[in-house]
Amino acid sequence: MIYLKQDFDPIHTFECGQCFRWNQSDNGYIGICGGKVCRVSNDTIYCPDSDNEYWTNYFSADTDYSEIKKYLESHDETLKKCIDFGGGIRILHQDIWETIISFIISANNNIPRIKKILETMCREFGDKIDFKYNSKLGIPEGEYYSFPEPERLNSLSIEDLACLRAGYRDKYIMDAAEKVSSGEVNLKDIPEMPTELAKKELLKIKGVGGKVADCILLFSMGRYELFPKDVWIKRILNQVYGVEEKETDSFVTEKYGNYAGFAQQYMYYYYRENDIEK
DNA sequence: GACCAGGAACCGA
DNA sequence: TCGGTTCATGGT
């Protein structure tokens, strides 16, 4: 088990749009990553002790958010209410491969459907996890599926993906599976690269453009200086801050610096849960 | 039935 | 480089 006493609320963290495979159950959120199952309720992460290190990294449990918040609030008065509202957001260190596929699917799509496509993908092509019921963890019995490895997806044909109802994105999924399993895109190298180079590497995959690459780097590798700009964020920057699309990069860099990714998440979550005109 | 969704590929200038 | 079009699918 892990305790996250400060700056953490599972609702904020799991509902802010960075992840798609955490689902609310009657006693908290159940999630699967790296072939491991865990439950999160309030400030506690319920997992086998042998997985503590994995989830500590996943939740970035050693990161001190007070300094981040202080910096952002002092640079942007308007952002204060967003931080007050979603102060329990933690930017996760998700699995790179899963994040690549998730955000390829996110293109021109909506969150409920993204979740549905990913869930079907795991149920159809992932492995059933050998989960031993443990009453202490409070994880309900059930069938849990891992995220399918690149090699597994690469062994399929594009027709096999039709059951996902992912539309035109199925060919992008196949391209990612092929390039990653062949080593043309080496996922082991990318975390070691400088951000610009890492981004360039990800852009080799069809279906990965600038915004999707930013999401992958921010939500799986902690590149907190990135600020993914989707339709919502563009709308917010325009309507709340009066910033035109062309000026966004300089606006963001000047205002949020190396903490831009956090600002983006607080903003995104707040204005999606509340009316944009306030 | 049009419009939208955590966009990107593709094309022509 | 830049702006417009098209791309499946499901929900509203």
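In this text the structure is predicted, and so the values were computed from the model without any measurement. In what follows, chains are A, B, ... by sequence order, proteins preceding strands, each numbered from 1.
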Using a cut-off of under 3.5 Å, enumerate the N/O to N/O pairs linking the protein to nucleotides 2-6 of chain C.
none

Note to self: Between A:F8 and A:Y65, does the ring-ring contact (aromatic ring centres under 6.0 Å, His included) criterion hold? Intermediate values first, please.
What the structure shows: CA-CA 9 Å; A:F8 178 64; A:Y65 270 64; 9.5 Å; no
Point to revise | Output field: ring centroids A:F125/A:Y145 closer than 6.0 Å | key: no
Anything under 3.5 Å between a protein N or O and an N or O of nucleotides 11-13 of chain B, put it in a table, one pair a line.
none

- Message: Hydrogens and angles aside, do A:Y224 and A:N258 bring a side-chain donor and acceptor to less than 3.5 Å of each other?
- Response: no
Assert: residue with more 5' nearest nucleotide on DNA chain B, out of A:W232 and A:I205, is A:W232
task = Name the nucleic acid region contacted by A:R272, choosing base, sugar-phosphate or nothing; use a 4.0 angstrom heavy-atom cut-off, strictly under.
result = sugar-phosphate
Of the listed B:dA5, B:dG7, C:dG10, the closest approach to the A:R165 side chain comes from C:dG10
Students often get this wrong, so: under 4.0 angstrom with heavy atoms, is A:G17 touching a base, only sugar-phosphate, or nothing?
base
To the nearest angstrom, the CE-P distance between A:M174 and B:dA8 comes to 21 Å
Between A:W22 and A:W55, what is the ring plane arrangement, given parallel below 30°, perpendicular above 60°, and tilted in between?
perpendicular
Taking C:dT9, B:dG7, C:dG11 as options, the one with an atom nearest any side-chain atom of A:R113 is C:dT9
Counting any heavy atom closer than 4.0 Å, what does A:I104 reach on the DNA or RNA strands: base, sugar-phosphate only, or nothing?
nothing
N or O in side chain of A:R169 less than 4.0 angstrom from B:dA5 OP1/OP2: no
With the side chain defined as heavy atoms from C-beta on, A:Y172 is closest, among C:dC7, B:dA8, B:dA9, to B:dA9
- request: Describe, in one word, how the ring planes of A:Y54 and A:Y58 are oriented to each other, choosing from parallel (under 30°), tilted (30 to 60°) and perpendicular (over 60°).
  value: parallel
Taking A:D175 first and then A:K179, would you say they form a salt bridge - that is, a charged N and a carboxylate O separated by under 4.0 Å? yes
### Message
Can you confirm if the NZ or CZ of A:R90 lies within 45° of the ring axis of A:F59 and under 6.0 Å from the centre of its six-membered ring?
### Response
no
ask   = Is A:E201 salt-bridged to A:K204, going by a charged N under 4.0 Å from an acidic O?
value = yes
Taking the six-membered ring for Trp, are A:H12 and A:Y269 closer than 6.0 Å centroid to centroid?
yes
Report which part of the nucleic acid A:K206 touches: base, sugar-phosphate, or nothing (heavy-atom distance under 4.0 Å, all strands). sugar-phosphate
